[in-house]
Every structure is written in C-alpha cells, then in structure tokens.
**Q** 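I'd like to ask you about the structure that follows.
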Amino acid sequence: MSVNNAPTKTAPAAPAEPSPATLHEPRYTPAEIEPRWQQRWAEQPNLYGAEPASSDKPKYYVLEMLPYPSGQLHMGHVRNYAIGDALARYMWMQGHNVLHPMGWDAFGLPAENAAIKNNTPPREWTLQNIAAMKRQMERIGLSYDWRNEITTCLPEYYRWNQWFFIRMFERGLAYRKKSKVNWCPECCTVLANEQVINGRCWRHEDTIVEQRDLEQWFLRITDYAQELLEDLGKLDGWPEKVRTMQRNWIGRSEGAEVTFDVEDAASVPDDELATRHAGTAVLPAREDVKSSDKKITVFTTRIDTIFGATSVQLAPEHPLVKEFAAANSALGDEVSALLEQQKKARETGDIGAIEKHGVFTGHYAINPFNGERLPIWVANYILLDYGTGAIMSVPAHDERDYEFAKKYGLETRIVILPRRTLDSTTGDRANGSIDEPMIPYTAEDSLLINSGEFNTLGNKEAQQKMAAFAEEEGFGKATVTYRLKDWGISRQRYWGTPIPMLYCEKDGIVAVPDDQLPVLLPENVEITQQGGSPLARLPEFVNATCPKCGGPARRETDTMDTFVDSSWYFYRYTSAKDDKAPFDTAAVAYWFPVNQYIGGVEHAILHLIYSRFWSKVMRDLGLIKNDEPVERLFTQGMVIKDGAKMSKSKGNVVSPDEMIARYGADAARAYSLFAAPPDRDLDWQEDGVAGVSRFLGRVYRFVIRYADRARKAEAVSSVPTSATSQALLRKLHQTIRKITVDFSGRWHFNTCIAAIMELVNTLTAAETAIAAGEVPDVVLAEIVRDLVLLLAPFAPYLSFELWEKIGEQGDLLRAPWPKYDEALAREDEIEVPVQVNGKLRAVIRVAAGTDE
RNA sequence: GCCGAAGUGGCGGAAUUGGCAGACGCGCAUGGUUCAGGUCCAUGUACUCGCAAGGGUGUGGGGGUUCGAGUCCCUUCUUCGGCACCA
C-alpha cells in the first residue's frame, strides 16, 4: 500500500480487543531463566555424557573443531558450536548415543607473545584462557561431555605426540634433512608449505616468508599422496569445494623422467667449436662427441614431444648450475639475478606474471632419443622444488617454452599434428603442416611426426612407448610427480611438544625410549623474540644421556608444529584419561569414523589433510581400522559485519558476552542459525537478534498462557474435532515434518526456525478460537508440548524452562523427538494455477492427491 | 589463465521435484496499549500507473524450451573463494 495518504486512511482498527492476555503476563526474562538452568545443569556433571559402547542406541559422533584458547570466544565460534549443538541435541532426541566432546588446541605462538608482553608464563596464560572460554561455553549452554576434555599443552596429551613421532621415526616416516624451508621472520620459526599463502605467513598476512637452509624434521606425508588423493573419492559426505582444494594441493601429475648426458666440451672438434654462438641452435648428433660425467634429469608430462626439444632449462638453484657457475663468474652473476627475480615473484605472489629471463650456460645436453645436442639454459621460471628442477624445452608445443624461445631466438620444431590435418594430407607428413598461428600447438589428441621410429603414433600411445623405450635403454622411466611435499614439523619455538630425539656423538640420532616419555617441556624458560629455539638455552634440558651407549647426548630443542596436536585429537576424546596408550582402540572402533565434523573452510588443506594422513599412519600401525577419520564434513560460513569478516583490526567485532547480556544465549545462538543457511557467510545485524528475542518471548508467553490447560488435559480415546484444531494440527505436523527432514541432511536451520515462527504466528492468530473452546485441551497439550520439543535444539534454556512449566518431569534432552503424521500434515485441498499463453487464467481448488 | 560458489525487495534471506516469486525476520508506516520505552499488540509494506476499482513490470543482461521458468538449455556480465610459469 502507499503510505503517503495517512490522514485520509481510516485504519480498519477493529478496536483491538484489550487482549486479556497482554495485561498481566509474565515476561520472558532470559537473564533470570538462563543462569538458573545453567546452575542446575552444572549440578549434573554427566548430563550430556555419552553412553559406553555397550549402549543399545546407535552411536553418533558429532564434533566441532577445537578452538585455540585465545581467551575470548567470538561469533564465529558461537555459530560453529550452535550448529553442532543443535545436531547433538537432535540426535539424542532421535534416540542416538551421542558423543559431543570439546577440548583445547593449547600450544602455539600467541601464548609466547603474550608471555613476552605481559610477563606471564605461557602455561598460566593458556590455562586462564581455557577457564574463561569454558565459562563462556557453559553460559551459552552447549551440550558437551566434559569428561573427555583434552588440553593439548598438558603432558598427558603431548606425550602421545612424542609416542607417535617415535613410531613414525622407527618406520622411516619421520626423518631429518637439510633443505630450503619457509621462515617467517615475525614468528621466528619455520613454517610448513601448507602454512604459506601466496608467499605470506598464514598468521601474518603482511609478512613475506623467507627461504632458509635448515636441518629439520619431516613427516613423509608424500608416501600417502596417492592414497590421500584416491580416498577423496570415498568422501562423498565432504563438500566438493574441499575435495577439489585437496586434489589441487596434492597436485598429481603423470609423466616421465628422462636423463640427458652433458656433452664433454673437450671432445668437440675445433671446427665446430668455432661456429658455436649464443646457444640458440640445436647441434646435430655426432659420433665423435663424448659425454661428460654430468647428467641432467628432466621431468615432463609430454615425452611424446621430446623430438621437438630445442633446449634444456635449469632452475637457478639447480646443483649443476652451481658447478657451471664455479668456472664462470659472469654466468654466476647472471644466475644470481635470475634467482633474485624468482624470489621476488614468489614474495609478491604473482609468480605466474613475471617476465621470463634466461641465460645460456655455454654447455650442451645430449638428447638420448636422437643424439642431438641441446643448449643448456638457466631460466627464472624453472622451480627447483617441482619435478626435478629441470625441463626439456619444446617451443612448438608448450606455451611457456614458446614464449621463451621467441624472446631468445631459439629453434622451434613441430613434432605433433592434429589428427584431422592428416586426414586431408594423407601422404607426406615429414614437414608438418601446422600454420604458424597455431603454434604453440599443445592438444593431446594428435599424431607424431619428425620423431624417428615413433612417427605416426598417437600421442597417448607414444607417451607409453617412449617411456618404455627410455626405461629399456636406461635413460628414463614413466613416473608420477606430486606437488605435495613432506610435512616439515620442526619449530624453533618454545610453546609446543618437545621432539623426543637425542643426538649422540657415537650413536647418532637416537629416539627417547618409550619408558622415558614424556619429554617434559620445561617451565622455567626465558622467552624472547630473538631467533633460535628457546629450549637450546637451557643446559639442563639440552644435556642428556644416550640411551644406547650411556654417553653424553644433546637433546633436540625444536618443538613440533601445533598441527601435530590437532591431527589425531578427536581419537583421544573417546578415552582421554588413558595413560597406557593414546586411546582405547575398542572405544575408537566403536565411535569412529566421526559422523559429522563441523568447522571453518580455512582448514581445508591444513588440518584436514594432516589429520587424514595421520589416520592412515595409525591404521598402518594397527591402531585403528578406519581409513578416514571423518565421514561427513560441514564447513560453515564466516560471520561478517558491515561487509567484512569480524576482526579486531577492522573494529567490527561483536562480543558474544555482550549479546548474551542483552538478549540471552538462546537468542544469540538461535539468531546465528536463523540469519543465514549455516554454510553461507552470515551478515551480523543486531536488530535481527532483537527480532529472534521477541519471537522467543512470544513462544514463552503462549506456552505459559496454556500451560495449565495442557497440564490438566486428560488423554481421551477420541478427540472431538473442530476445523480450528484440524488446522492447527495440520500446521504443527507440517512444521515437525519440515524440521525433521531438514535435520537429515540439508541443515537449513534458518528455515527451520522460520517454520517454528510460522507455527507460532498461526497459533497466536487462532487465540480467539482457542479462548472460545474450539480446541480441546488434549490437542492444545499436544501442540504446546511438541512446540517445546521442536525448539529444544535451537533454544535449550527456554525449552527446559517451558518443559518444566508444562509439567513434564523427564529429561528434555532424552525426550523423544516428535513424530509427524503424514495424514494430519496433508492439506485437504490445494490450489492449482492454470496458465494459458503465459497469462494466469484461473486458480482451481482440487482435493489433495488429485492427479494431473 | 584454470577450478569452484553465488547474483532475488530498503536489508538478511525463502521458494528440496518447473506450478500464484518475495515465506520468516529486520527496517519502515499507521493505529492501539503504556507515566515512560531499545516494551507489547494489530494492520500494511517488491516496483510502477491510478483518488479508486483495476492495470503494467519484475529473480544480473541477452536468447531459447514449455500451457507455465528464480528453477531447465545456450550465451554473456559481475562479485567472492581456491589454485597458478607445476613442466
């Protein structure tokens, strides 16, 4: 309606009945109700406890990602836990035996930073934060089984990190090597590849990660690359987005390695040497030219194009480049420049955009397939850490090689043709017939030319035959390369699990024996921001005895990446008090896999790939039976305010405490479910919380108003029906159906809560009829009772309060979820629109169930 | 560049299978209740023409299939997320 004519408008205002209900009604006061129930729940420590494996209920393990104890819950946590809590409560009510645990990812850098800033020991700071956050969780009313709470920074937990580490060491899955590692100058420690995002630290998005040469401990996750990739196919309860991200991260690529000999320059006749120039030309095969002892192995996915190779390209850091540069300082300088460009590109994050530069080394490599000698170049776009750090360059059939060749005037040789080209030009393919504009021609469905005995083969077939040929001849083989690298877990920091290793002059690297575990993290450590492991400054920690020879040994002073802690924590929840083993294998066999895991998508390729790896290792150790830890994964969206993720730096943080103080925990958590579907980003609007709070108030008053009638209702065999009670029951059963169906998979809790709102709107609209006695007490009792049950997963405080008010004695959490009756939910008549030529012509009413 | 998700009122979002687009909530408007209000209640609220009855237009844009399209097909634009000289 238009609103600009208010004066003339006569409001229908059927003199609003002085609604007796509104006069002296009790008000909904969450500030009074919620603490009272919180107190009562606290007096029943086993309220949300899972039953043992002997339970006759089907098991259901619902898990939310454990938080880092920063000291403050934020709205992202509240949302995450509200989703999990609704599910846990629903599953209990559906008759499942539910494990719903919580713990603390308690090691990590912030504790050390806080220690420096406030002069508080990391342990104390962390434990205080845990206590504070636990209080917040209890205030929110989350249904955790706290009996199996874990805190990863306590020795009872981290000793098992050490135990696992030693098991992996024994099997060669943990090893030490010197290599280039990512160094965050802000964290003063090494980072895993997964913790580097566009060349920046995952915790410091403005800090460029440096490369350093360090000796570090690695876990051989690459041993499981293939299985990690394959088993993604089994995880159909995971979001496709996460599976794709992991697939990309593992980055499998099939191809071949081919080893090129490097020509011995001394064997080249003088007349040829005189004609050599800038390394742009391929030199023909010559019997009298000998190989040196140097070799270059290249990785290629297109061995079928090897006859088209016109140069070999090395990464600036390739070991052979160092040898070449040692004898040629001018080359050394140019290579340094190339390396500099590559580093810079990595740091700025657009390595794909830098201009290609290269330099000719003056050396030639011999193509083992035809004896041709290819100039060896160094190029800034070749990465040492992918493949072999060396490639064969085929300008006619690779975009990058083409670009490079064009810039430096290298030869271009066509060795594959589109199949269709050959259909029309059946005979001579010797010189090919690709038009210049078609180059680089990279299509896979093609045929070989100019490739000696491999001519006319299809390229797929050629790839197999050529790799097989290389293997027979001993200069290559088919191989698979992964982008995934081994997981570097050494951290030069204090607040983490000590790596349980010793260095003995006589016996070398020795594991700490199991009976000496845990290697305790010392408490009296001075923490500073200066580099180097803080533990190295504690002689009483460093100096140890070799368990093999009894002689002096030096203790490892690095600690483990905190992602080790979270890689297996959910197994420990099944038996957190076990002091003989990381967990009770029988309990794990009962509870695993986790039925539903809920957390943020930011862990898609950190925690979620590490923990899959860890599970597979534990399976191979014989500890567990399951191949995968998590059956279904749900990634909830972020909480946004004013268009940006809530963060202190942006100043748009909404504190859960403040929301709870103002509207109550029920309203805050129900709003976090109502404002958006859980997998999407949620735009926080405080007025919306007020709206949900109003709704809860309407529920409260409605139920209280009829609590007496509901309580006194007596079951009767036949209920007199009226149109009103029919309509109300229909709406009720439609609502039950909607929410039940949604819990089975779709999880659009926003529409579930909307459905309850609709139900309440329908009920309030019928109050005149109810007052007039058109709805029997039994019906009213059913409606009121089911309404409270429907609300229980979303607003537990209010539900418990009303449950008691309507005279129920039993535990609401274990009360059976209401069943819907299809017959009652069905509409008697439905309206069917009839359209002709796009115009609505009529709406006809037909009995429900009428066919088309 | 490649892969993925999403574009619907003033706002958050509904519309599991093609069937009256805008449920539910916020906001806003009017009225009532109230000493007061970050209270409660009622009614209205996509846009647009019209005093009204009533009409027209509408789900990022363009085309198509269909009696009927937010939904299916083709094409295109925009936003967000991931990967990226990966050989």
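Basis for what follows: all heavy atoms, side chains included, without hydrogens, waters or symmetry-related copies. Bear in mind that the values here come from a model prediction, so they are computed numbers and not experimental data. Naming convention: chains lettered A, B, ... in sequence-line order (proteins, then strands); numbering from 1 in each chain.
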**Q** Taking the six-membered ring for Trp, is the centroid-to-centroid distance between A/Phe743 and A/Phe749 below 6.0 Å?
**A** yes

**Q** Kindly point out which of B/U39, B/C83, B/C86 is positioned nearest to the side chain of A/Tyr386?
**A** B/C86

**Q** OP1 or OP2 of B/A87 sitting under 4.0 Å from any side-chain N/O of A/Ser253?
**A** yes

**Q** Distance check needed: B/A15 C1' versus A/Arg746 CZ, whole Å only.
**A** 9 Å

**Q** Mark yes or no for a side-chain to base donor-acceptor pair under 3.5 Å between A/Tyr671 and B/G12, with no hydrogen or angle criteria applied.
**A** no

**Q** Name the nucleic acid region contacted by A/Tyr663, choosing base, sugar-phosphate or nothing; use a 4.0 angstrom heavy-atom cut-off, strictly under.
**A** base

**Q** Paired with B/C85 by Watson-Crick or G-U wobble geometry, both distances under 3.5 Å: which nucleotide is it?
**A** none

**Q** Using the P atoms only, state how far B/C74 lies from B/G58, rounded to an integer number of Å.
**A** 24 Å

**Q** If you check the A/Val741 side chain, which of B/U16, B/C83, B/A87 turns out closest?
**A** B/U16

**Q** By nearest atom, which of the nucleotides B/G13, B/C85, B/A84 is closest to the A/Arg483 side chain?
**A** B/A84

**Q** Dump the intermediate steps for side-chain contact (heavy atoms from CB on, under 4.5 Å) on A/Phe404 and A/Tyr381, then the final yes or no.
**A** CA-CA 10 Å; A/Phe404 188 87; A/Tyr381 69 98; 3.6 Å; yes

**Q** Do the side-chain N or O atoms of A/Arg680 get closer than 4.0 angstrom to the phosphate oxygens (OP1, OP2) of B/A14?
**A** yes

**Q** Of the candidate nucleotides B/C86, B/G4, B/G38, which contains the atom at the shortest distance from the side chain of A/Lys241?
**A** B/G4

**Q** Each nucleotide N or O in nucleotides 22-26 of chain B that has a protein N or O under 3.5 Å away: list the pair and distance.
**A**
| from | atom 1 | to | atom 2 | distance (Å) |
| --- | --- | --- | --- | --- |
| B/A23 | O2' | A/Glu758 | OE2 | 3.0 |
| B/G25 | OP1 | A/Asn761 | ND2 | 3.3 |
| B/C26 | OP1 | A/Arg694 | NE | 3.1 |
| B/C26 | OP1 | A/Arg694 | NH2 | 2.9 |

